[in-house]
Amino acid sequence: MVSFDKEFDLIVIGGGPAGVMAAYHAVQAGLDVLIMDKSNFPRLKPCGGCIATKALALLPFSIEEVLETATGTLNIGLHYDAPHEFTTKGYICAFAVREKFDAFMLNNTIEAGVKFLKIERLDAVKETDDAVCVAIDGGTQIKARYMIAADGANSQVRRLVEPTLKFSRGFALEGLVPYTRLSHIPKMEFNFGCVDYGYGWMFPKADHVNVGIYTCNSDVSIRKADLREYSQKKLGTDEIDDVVGFPLGFGGNTYRQTTERVLFAGDAAGFCEPMFGEGIHNAIKSGTFAGKAVAAAVKGNRKIGERYNEMLHEIRQDLVRCNHAAYQFFYPKVDGLGFKTLTSPISNMVFLKGLASGKTLHEIMNGFYKMPFQKPIYPISYKKLNDKPTVMP
Ligand SMILES: Cc1cc2nc3c(=O)[nH]c(=O)nc-3n(C[C@H](O)[C@H](O)[C@H](O)COP(=O)(O)OP(=O)(O)OC[C@H]3O[C@@H](n4cnc5c(N)ncnc54)[C@H](O)[C@@H]3O)c2cc1C
């Protein structure tokens with residue numbers, strides 16, 4: 001039972017990877033923490049469930065239980081042309097079903113001592129000099145010293161607290177095709193240019209392939225019919241189960257913490273990167289930073305905004321690099337130099353080795369000449385997959 005009379009150290013809105021990591025690190029530091037979410041878990045979250053090695057490396061506990069497959073092989077195609085296949089030692093990413101991944105992460109956090117409250121509605125957020133007061137479900141008030149908004153790309157907290165913060169958004173649609181419907185099991189594949197300023201993807205999991213289409217350009221509209229066409233051409237079937245879509249929150253490279261009591265993390269702060277639409281890594285990273293910044297503030301060590309802004313520097317740097325890659329270099333030239341560069345053997349070797357050793361795009365580009373000598377890393381979550389002779393289904 002959650003007591004509404006007490007004042008929490010921290011309220012986190014949203015139980016996705018950003019919110020859960022914020023809550024986990026704050027509770028580990030001894031804070032009294034409440035997560036509120038409008039859904040009970042497990043809940044649906046439109047996502048490909050591709051979790052990069054660099055994201056797994058940030059997790060403070062193993063999630064091997066919910067990892068279904070992992071791969072060091074990447075297939076990259078232009079439109080519907082035959083893809084180029086690239087392989088590296090180690091794993092560049094793993095695949096999970098988001099419903100299971102998020103529920104597992106939340107359960108671990110609850111076990112660590114965080115309280116969870118399912119709410120119907122978030123009505124208002126009011127900051128005072130020494131607290132933040134949250135009104136929910138048409139009357140209940142809950143107080144905390146700090147709040148972390150991790151309520152995703154459509155963040156309501158952002159609309160309530162920082163309505164002038166402007167971010168851009170992308171969009172993606174995904175669904176699943178059971179292997180029983182297919183004649184072969186596909187490999188991980190990106191097909192650039194199948195969608196303007198984006199791609200189609202196939203992510204193989206334990207018993208199905210997750211198939212999706214993505215654009216980082218908010219002027220491009222993508223429809224279920226486009227996803228069915230992609231699936232028909234790549235998989236030979238347009239029968240896709242559970243098709244869902246959702247926006248992705250971009251533009252976090254301009255985000256600065258300005259309010260004293262409310263911090264934004266994950267997609268709510270625009271920390272998804274636009275090149276691949278990868279958001280889990282920065283959700284975990286920014287959630288971790290936000291939870292640690294609140295813990296330091298509660299213990300009186302540092303001013304919260306100052307500390308959080310400092311920590312966010314590396315996320316901003318990476319986003320600037322990804323923005324440039326997506327909007328200036330790659331997608332505008334996808335039919336020419338963009339795709340040629342991505343599929344040149346040297347850049348692929350560098351890119352894959354960088355990914356398998358847990359590097360961000362910024363780190364890969366800055367250490368371009370060192371990447372060929374990087375060794376793959378094996379975060380603890382890979383343990384079970386490593387014990388198996390083969391990791392792809
Ligand atoms: C179709 C699709 C495919 C994607 N594929 C990938 C991928 O393969 N790999 C990858 O890295 N990224 C992917 N992304 C991006 C990734 O899903 C997000 O970047 C990531 O989930 C952001 O995490 P978050 O914790 O910030 O927000 P979310 O995961 O969106 O979690 C937000 C939480 O807040 C809750 N919430 C929302 N509003 C309220 C409210 N008013 N009150 C209370 N609770 C609220 C929601 O219920 C939810 O639990 C994909 C996105 C889409 C749309």
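In each ligand, atom 1 is the first atom listed, and ligand 1 is the first ligand listed. The figures here come from the full heavy-atom set of this structure, side chains too, leaving out hydrogens, waters and symmetry mates.
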Between P247 and ligand 1, does any nitrogen or oxygen pair lie at a separation below 3.5 Å? no
Might you point out which heavy atoms bring L248 and D267 nearest each other, and give the distance in Å? CA-OD2, 3.9 Å
Can a salt bridge be assigned to the pair D318 and R321 using a cut-off of 4.0 Å between side-chain N and carboxylate O? no
Which of the ligand 1 atoms, numbered from 1, are nearer than 4.0 Å to a heavy atom of E174: 1 (C)
Ligand 1 atoms in contact with G48 (distance to a heavy atom under 4.0 Å): 3 (C), 4 (C), 5 (N), 6 (C), 8 (O)
Should F41 be listed as contacting ligand 1, given a heavy-atom distance under 4.0 Å as the test? yes
Derivation and outcome, ring pair (Phe, Tyr, Trp, His ring centres under 6.0 Å), residues F339 and H84: CA-CA 11 Å; F339 190 74; H84 302 247; 5.8 Å; yes
So do M349 and T88 actually touch side chain to side chain, heavy atoms under 4.5 Å? no
What protein heavy atom lies closest to atom 27 (O) of ligand 1? Include the residue and the distance to one decimal. G152 CA, 3.7 Å
Pairwise side-chain contact, Y80 with Y230, heavy-atom cut-off 4.5 Å (strictly under): yes
Judging by distance only, is a nitrogen or oxygen of A268 under 3.5 angstrom from one on ligand 1? no
Just to confirm my output: which protein heavy-atom neighbour is closest to atom 25 (O) of ligand 1, and how far is it? A18 N, 3.0 Å
Among protein heavy atoms, which lies nearest atom 30 (O) of ligand 1, and at what distance? K45 CE, 3.5 Å
Measure N282 to ligand 1 on non-hydrogen atoms and call it side chain, backbone, both or neither using the 4.0 Å cut-off. neither
Please indicate whether any nitrogen or oxygen in A283 is less than 3.5 Å from any nitrogen or oxygen in ligand 1. no
What are the atoms of ligand 1, with element, lying closer than 4.0 Å to any heavy atom of I280? 9 (N), 10 (C), 11 (O), 12 (N)
Looking only at protein heavy atoms, identify the closest one to atom 12 (N) of ligand 1 and say how far it is in Å. G279 N, 3.1 Å
Is it the side chain (CB and beyond), the backbone, both or neither of Y214 that lies under 4.0 Å from ligand 1, heavy atoms counted? neither
Residue, atom name and distance, where the atom is the protein heavy atom closest to atom 16 (C) of ligand 1: R98 NH1, 3.9 Å
Check whether any N or O atom of A172, backbone or side chain, sits under 3.5 Å from an N or O atom of ligand 1, and answer yes or no. no
Where ligand 1 meets G14 - atom numbers and elements under 4.0 angstrom, heavy-atom basis: 33 (C), 34 (O), 35 (C)
Does ligand 1 have any atom sitting under 4.0 Å from a heavy atom of F271? no
Once you measure the plane-to-plane angle for F61 and Y24, does it fall in the parallel (<30°), tilted (30-60°) or perpendicular (>60°) bin? perpendicular
Pairwise side-chain contact, N40 with F116, heavy-atom cut-off 4.5 Å (strictly under): yes
Atoms of ligand 1 under 4.0 Å from any heavy atom of G277, numbered from 1 in the order shown, are 12 (N), 13 (C), 14 (N), 15 (C)
D37 N/O to ligand 1 N/O under 3.5 Å: yes
Is it true that the side chains of Q156 and D151 contain a donor and an acceptor less than 3.5 Å apart? no
Taking the side chain as C-beta and beyond, is there a heavy-atom pair between N323 and P274 under 4.5 Å? yes
Are the aromatic rings of F330 and Y197 close, with centres under 6.0 Å apart? no
Heteroatom proximity flag, I13 to ligand 1, N/O under 3.5 Å: no
Is K38 close to ligand 1, meaning an N/O of one under 3.5 Å from an N/O of the other? yes
For C50, counting its heavy atoms only, list the atoms of ligand 1 lying under 4.0 Å from any of them. 7 (C), 8 (O), 9 (N), 10 (C), 11 (O)
Would K6 count as a cation-pi partner of F8, with NZ or CZ less than 6.0 Å from the six-membered ring centre and within 45° of the ring normal? yes
Considering heavy atoms of the protein only, find what lies nearest to atom 31 (O) of ligand 1 and give residue, atom and distance to 0.1 Å. G16 CA, 3.6 Å
Identify, with sequence neighbours excluded, every residue that meets side chain to side chain contact (heavy atoms under 4.5 Å, CB included) alongside D335. L78, H79
Region of C47 that comes within reach of ligand 1 [heavy atoms, distance under 4.0 Å]: both
Would you say that R261 contacts R145 through its side chain, given a criterion of any heavy-atom pair below 4.5 Å between the two side chains? yes
So, Y308 and E306: side-chain donor and acceptor under 3.5 Å apart, yes or no? no
Just need the protein heavy atom nearest to atom 41 (N) of ligand 1, so name the residue and atom and give the distance. Q156 OE1, 2.9 Å
Determine whether the aromatic ring centres of F351 and F86 lie less than 6.0 Å apart. no
Would you mind checking if E363 and K54 are paired as a salt bridge, meaning a charged N to carboxylate O distance below 4.0 Å? no
same_hphob_cluster(V262, V33) at 4.5 Å side-chain heavy-atom cutoff: yes
Could you tell me if any non-hydrogen atom of R121 lies under 4.0 Å from any atom of ligand 1? no
Per-atom filter on ligand 1: closer than 4.0 angstrom to a heavy atom of G266 are 26 (O)
I'd like the name of whichever of L248, V244, L173 reaches closest to atom 51 (C) of ligand 1 through any heavy atom. L248
Nearest neighbour in protein (non-hydrogen) for atom 19 (O) of ligand 1: D267 OD1, 2.8 Å
Side chain proximity check, R98 to I280, heavy atoms < 4.5 angstrom: yes
As an exercise, identify every atom of ligand 1 less than 4.0 angstrom from a heavy atom of P46. 1 (C), 2 (C), 51 (C), 52 (C), 53 (C)
Out of curiosity, is G212 lining ligand 1, as in a heavy atom under 4.0 Å away? no
